[in-house]
Amino acid sequence: MEVEVSGVTVRADATGHDIVRDIGFELARGSVLGVVGESGSGKSTLALALLGFARKGATITGGRVVVDDVDLLALPEKELRRARGSRVAYVPQDPATALNPSLSLATQLTEGLRLPRREALARVRSLLEAVGLPGDDAFLRRRPRQLSGGQQQRVAIAMAVAPGPRLIVLDEPTTGLDVSTQARVLEVVRELCRSRDLAAIYVSHDLAVVAEVADRVLVVYGGEVVEHGSLARAAHPYTRALLAAVPSSTHRHRLVPIPGRAPGIGADRSGCVFAPRCAHAAEECSSRPPLVEVPSGTLARCWRTAEVARSPRPAVVVDAAPPFSGDEILTVSGLNAGYGGRQTLFEVSFGLARGECLALVGESGSGKTTMSRCLVGLHEEQEGKIVFDGQVLAPRRDKDLRRELQYVFQNPYGSLSPQRTVESSLLVPLRHYFGLKGTEARRRAHEALDRVEIPTHLANRYPAELSGGQRQRVAIARALVCRPKLLICDEITSALDVSVQAAVVELLRSLLAEGLSMIFVTHDLAVVRSIADTVTVLNQGRVVEKGTADAVLSSPTHPYTRSLVAATLDVPDTFEHAG
Amino acid sequence: MASSTAPRRGSPTRWLLGRLAVGLLVLFLVSVLLFLVTQALPGDIARIILGKDATAAQVADLRGRLGLDRPLVAQYWHWLTGVLGGDLGTSLDNGRPVADILAPRVLNSFTLGLMSMALILPLSVLIGVFTAYQRDSLPDRAFVAVSSLFTALPAFVVGMLLIAFFATSVFRVLPGVSNIPPGDLPWWHPAELVLPVTTLTLMGVMYLGRLVRASFIDAMDSEYAQMAVLKGLSGRRVLFRHALPNAVAASLPAASLVAAVTITGVVVVEYVYSYPGLGTELVSAVNAHDLPVMQACVLVLATAYYVFNLLADVFTTLGRSR
């Protein structure tokens, strides 16, 4: 075994609680271990601890990280520093901030190599070519900001591999990248591990990515390993619940959210960490289960795997709705738009039938954000025709039009005023659009909160006290109190964990069932499959394909759509059918 | 203040030319304002200048010399063309050309300002980096406390405290009055320069040092600094190669503003030490109702302030485009 990790524990200094507890695994050379967890699960803390590093305010209190027969955690500071890079290397989540903006690529790639400059440069050049980047002087002179996100990430990977480590730890390296860029980066990672006999640890919240890249998976929840093995053979109720919450790009099924909220640091750790949210919890779950091999072949930390295995959750496949024949609520024809003279949308045309959900699909730079800004009236520089409910839309609109067309923003952390309680955020549009005050306004606000399943006792909380999923549902409720005819959702699930995304997608689906029309802007084809009736694919500001969701996703005709579909990853669904 | 619109399109040269044009406009407005509050005030300026004992003939003579009998615009035009042609007029007090009076004063003041800046910049970086590196230690907390105190104190209070401490009651080691005889160059009298330079330096370092400290803390907490640690680089390299350049770059615009404030701050400090610079000249010109000298002093100070402000803008923009 190349890498042996055992008992790694990191404690928060302020509270004395463990952020991650007693983590252990083994890893052979050339193989990739995936570490999967939702936000707050401690996966990033674990990733850093593998390099003997803890962020300010945290301390590694125990455990061993043995790479090539050397225990990193037992090394004195100076030797640990030498081991970083040369034995174990790190690839950051966001290379845009992790690469130094003021140093050239050459400096950043060669520093710390402990080689003469000529040799160092030669090694860096060949590595850059190995990750698919030019290795010439002009490229090496560049600063990180002169690269695209995918290029930056490949530079970061080359930087990690350059000193010749035995283990590389990749912390969410493709989060924030487009699917096609992600596919290239994953290919680079796999190829490097194979050709250099490297062991890799791939940390991610994205189960599909981990299933694609990793040989085995470690599922982390509440700072503990709850399952270790293959996702396809998942036995732990948390892993299975996660898988049931992930949408698939190949078929439309009901997404099952996980009720409750992930445990924070300092939660009660005497029993099973997942028990409070577990559908299978029983009395014995109040004592902490060990991580043991279960019949499915994985290691799981659960007392009740036998019962869990007997109650498979068959995937409820939802049929796509029949094609809509009603009138169009929105018709966009020949729309051109741009920023400061630079055109970003070219002759965009599409229509949305009443009660339908249209997915506007595209990667970054495709113009989908400009498109939704044009629709909602936030963009001035446009020409073309947008007809909404029989009226031609201009960028300047009257009150009724603005009310009927509501927008939900991508980031629920920025779209709700931190100074207002949930209820008062909802009262603002009620007063503005309907002139409602007092009891009647409160009743309408609570009705909307009820609709998005926000419990009444949260109405007087501030956004900071809510989880990301709750905030996004409040943002949806704020749109709903306006009684809109059309809801524009701009990537509203991309900042959310899968278990929470499932709840929001199911909520949107039920709103659609009630007759609301919706435009869902996204880059995630799996979400498209689970919610959209029709799809319009944007590429470089032009519509390249449109049609029903089934037709576009199952048999795409345009080469761009085909590449997009091919690059989209799905979780293994074997367990759902095998039970 | 530094209101900088980044050059989105067009070349940096064009942006710089634009900024310069805006600067000239600002200076023009300053000159209009200056003219209005000095020469064009309601009331008989000549009478105010000469006092109530002056005879009508004297007042009429002065009005003629100042051109007060002509229309306002013509007065302004005459003054402006004079200034642009290098003729700042003659002093009403002693009849000498204003340029001759001001030249040594400008030299004295700029010596003071530049020497202070030469100390402020390295000291701020040193103190800022040291306190940031020793964050929350006793020296760091002491610096933060003392610097807030200094930021709250006006320059003349600091100056008087220094005089009290080093020139009068406690030590008596330095001259409390920095008299530099006319015709001498300021650096022939180093002892006289110590206290004024110290005052300006203290004020500057207390402000700029704190900014450097804050941006250095930002840089040390950044992800690229963490990444450098995870790459196994030495503490020294993380500090000096990764964190320091970014911290200094972030502080440069503030440094230029500190320079602007220091150059204009000499007015107060000079007065406290009776140092013969632009500031003291301005104060005595105001007391003597010597309009041409007053106008020239303010114009020189405004120009200096503008130049350093422009420098701050340029640094900010360079920092952003990097």
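Note on naming: letters A, B, ... go to the chains in the order of the sequence lines (proteins, then strands), and numbering restarts at 1 for each one.
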Region of A/K78 in contact with chain B, defined by heavy-atom distances below 4.5 Å: neither
Other residues, nucleotides, ligands: >12 heavy atoms within 6.0 Å of A/R114 CZ: yes
Contact origin within A/R87 toward chain B - heavy atom pairs under 4.5 Å: neither
Enclosure of B/Y207 OH (heavy-atom neighbours >12, cutoff 6.0 Å): no
Residue A/L103 versus chain B: region with a heavy atom under 4.5 Å: side chain
Sequence neighbours left out, cut at 3.5 Å: what donor-acceptor pairs do the side chains of residues 110-126 of chain B make with other protein atoms?
unit_1	atom_1	unit_2	atom_2	d
B/T111	OG1	B/L107	O	2.5
B/S116	OG	B/L112	O	2.7
B/S124	OG	B/I120	O	2.7

Spacing of A/L113 atom CG and B/K231 atom NZ [to the nearest 0.5 Å]: 8.5 Å
Contact origin within A/F53 toward chain B - heavy atom pairs under 4.5 Å: side chain
From B/H242 atom NE2 to A/T107 atom OG1, the distance as rounded to the nearest 0.5 Å: 8.5 Å
Euclidean distance, B/E223 CD relative to A/Q93 CD, rounded to 0.5 Å: 7.5 Å
Flag if over 12 foreign heavy atoms under 6.0 Å of OH, B/Y133: no
Within 6.0 Å of CZ in A/R82, more than 12 heavy atoms from elsewhere: no
Heavy-atom closest contact (A/N100 atom, B/Y224 atom, distance): ND2-CD1, 3.6 Å
OH (A/Y413) with more than 12 external heavy atoms under 6.0 Å: yes
Shortest non-hydrogen separation from B/L230 to A/L48 and the atoms involved: CD1-CD2, 3.6 Å
Heavy-atom side-chain proximity of B/V229 to A/R84 below 4.5 angstrom: yes
Distance (rounded to the nearest 0.5 Å) between A/T97 OG1 and B/M227 CE: 11.0 Å
B/R210 CZ: over 12 foreign heavy atoms closer than 6.0 Å: yes
Gap separating the CZ atom of A/R81 from the CZ atom of B/R237, nearest 0.5 angstrom: 12.0 Å
Pair up each side-chain donor or acceptor in residues 24-31 of chain B with any protein partner under 3.5 Å, not counting sequence neighbours, and list the distances.
unit_1	atom_1	unit_2	atom_2	d
B/S31	OG	B/F28	O	2.6
B/S31	OG	B/Y76	OH	2.7

From A/Q108 atom CD to B/L233 atom CG, the distance as rounded to the nearest 0.5 Å: 10.0 Å
